[in-house]
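Numbers for residues simply follow the sequence, beginning at 1. From a predicted model like this one, the values you see are computed outputs, not experimental measurements. Just the heavy atoms: all of them, side chains too, but no hydrogens, waters or symmetry mates, feed the values below.
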Amino acid sequence: MAQRTVRFYQILNSAKERFPNKLPFDDLLDAVAELPDDEAYVSVARMELLGSAYSPPPSGATRAVPLITLDRITRDVSLRIERRRNYRPLVLGDDETLAEPTFYSVFEDNVLAVMRNSGSAPGTASFRDYINKLDLIEGGIEVVPLADRNTLRALADIGTLTKFTLAVGPDVNAEVFGADSSVTGFIRHARQRLGYVAIEVSVAIAPKGQSDAAEIAYHDIESLATSDAIGFVDKAEIRYRRMQDGKSKTYDLLQEAVAQSVDVELDQGKSQPEMISAARAIAAAYDDLYDDIRSAINSTSTVNSASLS
């Protein structure tokens, strides 16, 4: 047994408006499954992804949900760990290796469940780009996080921001954080120097004598926490002095998002979940967090339309 985290998002249309009905996930699964193997490999954000569809067996007392899985292909002769998916044959050359997979499923109101096997696995940006690149949903999609209201309360409680730590995966572009954010500058610089690697940034600000820096950092974090960008980070932690009494406090922006840790069975000899175990774990996380998910969804409201192409 091992632990993984299931996070929940919502799929919107390209104008970031709700679809009027649940997307036909079964049709989307069929579309991915029917792709010829050569077309199932898609390059997005300088990453090569392989998409596969999985439908759990109908029998069994424990509920399981269908999955779309994206594997990140790494072309590096120094890496020789081949993790062959058992539901789509891989075309691997001598210099190809698979990174960890990410499992996705879609529920009522187009709620997207995401379970990444590690920080190097594809994220929500990869799912969006894969669907849009293959034109599987007419007009394209966006993916936004389901945030907890406690985040807004924490932001209102900040007197002076003294530290923040952010981490993003290798599939995240700096531009998702906005042109004026310091976070954008950090990530853009790392991308230019190091390429598409996972990045973690930690910035400490003195509680006295650096009020301008603290103010700028506060607005950057506020923008991150209240925008779609929060859906693209793997870590988002802040330390601050409370406005009311000046006491130091820490807050994890992601821990307060709609997410849950789950136990999964690993494939023998591999550090990745078995397909049926992933399908059951995602279903259980959705059921456990159903009320929180509904509460987060009810805080937004815009409707539009789309269909599978």
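With Arg72 as the fixed residue, the side-chain contact (heavy atoms from CB on, under 4.5 Å) test singles out one of Ser126, Pro101, Pro170: Pro170. Test Lys208, Arg239, Gln210 against Thr162 for side-chain contact (heavy atoms from CB on, under 4.5 Å) and you get one pass: Arg239.
The ring pair (Phe, Tyr, Trp, His ring centres under 6.0 Å) contacts involving residues 159-183 comprise nothing, where partners must be two or more places apart or lie in separate chains.
Note that OG1 of Thr250 and CD1 of Ile238 are 9.0 Å apart. Values are rounded to the nearest 0.5 Å. For the atom pair CG (Leu67) and OG (Ser105), the distance works out to 5.5 Å, reported to the nearest 0.5 Å. To the nearest 0.5 Å, atom CD1 of residue Ile137 and atom CD1 of residue Ile11 are 6.0 Å apart. Of the inter-residue distances, the one linking Arg4 atom CZ with Met1 atom CE reads 12.0 Å to the nearest 0.5 angstrom. One distance of note links CG of Leu50 with OH of Tyr41; it measures 5.0 Å at 0.5 Å rounding. Note: Leu253 CG to Leu166 CG = 8.0 Å, rounded to the nearest 0.5 Å.
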Could you check Val168 against Ile187 for side chain to side chain contact (heavy atoms under 4.5 Å, CB included), going step by step and ending with a plain yes or no?
CA-CA 9 Å; Val168 298; Ile187 297 174; 4.0 Å; yes
In sequence, state the C-alpha distance, the side-chain angles, and the governing distance for Leu155 and Tyr218, and then conclude on side chain to side chain contact (heavy atoms under 4.5 Å, CB included).
CA-CA 9 Å; Leu155 291 172; Tyr218 170 80; 4.3 Å; yes
Could you give me the CA-CA distance, side-chain angles and deciding distance for Val32 and Leu136, then say whether side chain to side chain contact (heavy atoms under 4.5 Å, CB included) is met?
CA-CA 8 Å; Val32 172; Leu136 296 179; 3.9 Å; yes
Begin with the C-alpha distance, continue with both residues' side-chain angles, and end with the deciding distance and a verdict on side chain to side chain contact (heavy atoms under 4.5 Å, CB included) for Thr160 and Ile158.
CA-CA 6 Å; Thr160 302; Ile158 295 176; 5.9 Å; no
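The shortest side-chain heavy-atom distance between Val264 and Glu274 does not fall under the 4.5 Å cut-off. Using a 4.5 Å cut-off on side-chain heavy atoms (C-beta onward), Ile141 and Asn13 make no contact. The closest side-chain heavy-atom distance from Leu224 to Ser181 is not below 4.5 Å. In this structure, Val111 and Val106 have side chains that are not in contact, with every pair of non-hydrogen atoms separated by 4.5 Å or more. Counting heavy atoms from C-beta outward, Val6 and Val114 have side chains that stay 4.5 Å or more apart. Here the side chains of Ile68 and Phe25 are in contact, with some heavy-atom distance below 4.5 Å. Annotation: side chain of Arg280 is not in contact with side chain of Pro56 (no heavy-atom distance under 4.5 Å). By the 4.5 Å heavy-atom criterion applied to side chains, Arg188 and Arg193 are not counted as neighbours.
With respect to Arg116 and Asp234, a salt bridge is recorded, a charged nitrogen being found less than 4.0 Å from a carboxylate O. At a threshold of 4.0 Å, the pair Arg18-Asp109 does not count as salt-bridged, since none of the basic side-chain nitrogens sits closer than that to a carboxylate oxygen. Between Glu200 and Lys235, at least one side-chain N (NZ, or NE/NH1/NH2) sits under 4.0 Å from a carboxylate O, which counts as a salt bridge.
In this structure Asp263 satisfies the side-chain hydrogen bond (donor to acceptor under 3.5 Å, both in side chains) test with no other residue, sequence neighbours excluded. Partners of Lys249 by salt bridge (Lys or Arg N to Asp or Glu O under 4.0 Å), not counting sequence neighbours: none found. Taking the side-chain hydrogen bond (donor to acceptor under 3.5 Å, both in side chains) definition, one finds that Ser248 meets it with nothing, sequence neighbours left out. Partners of Ser202 according to the side chain to side chain contact (heavy atoms under 4.5 Å, CB included) rule, which considers only residues two or more places apart in sequence or in another chain, are Lys163, Thr165. With sequence neighbours excluded, the residues satisfying salt bridge (Lys or Arg N to Asp or Glu O under 4.0 Å) with Arg128 are Glu142. Listed by chain and residue number, Asp157, Asp245 satisfy the salt bridge (Lys or Arg N to Asp or Glu O under 4.0 Å) test with Arg242 (two or more places apart in sequence, or in another chain). Applying the salt bridge (Lys or Arg N to Asp or Glu O under 4.0 Å) rule to Asp220 yields no partners; only residues at least two apart in sequence or on another chain are considered. Taking Glu215 as the reference, His219 meet the side-chain hydrogen bond (donor to acceptor under 3.5 Å, both in side chains) condition, with sequence neighbours excluded. Under the ring-ring contact (aromatic ring centres under 6.0 Å, His included) criterion, Phe186 pairs with no residue, sequence neighbours left out. Partners of Phe127 by ring-ring contact (aromatic ring centres under 6.0 Å, His included), not counting sequence neighbours, listed by chain and number: Tyr104. Partners of Asp288 according to the side-chain hydrogen bond (donor to acceptor under 3.5 Å, both in side chains) rule, which considers only residues two or more places apart in sequence or in another chain, are Gln260.
Closest approach of Thr5 and Ala259 over heavy atoms only: CG2-CB, 4.2 Å. What you find for Pro122 and Thr102 is that their closest heavy atoms are O-OG1, 2.5 Å.
Under the 3.5 Å distance criterion, the side-chain polar atoms of Asn110 are left unmatched by any main-chain donor or acceptor of Leu12. In this structure, Tyr251 contributes its side chain and Tyr240 its backbone to no donor-acceptor pair below 3.5 Å. A donor-acceptor pair is defined here as one N or O able to donate and one able to accept, closer than 3.5 Å; such a pair exists between the side chain of Lys133 and the backbone of Ser43.
The number of heavy-atom neighbours closer than 6.0 Å to CD of Gln244, taken from other residues, nucleotides and ligands shown, is 12 or below.
A cation-pi contact links Arg191 to Tyr196, judged by a cut-off of 6.0 Å to the six-membered ring centre and 45° from its axis.
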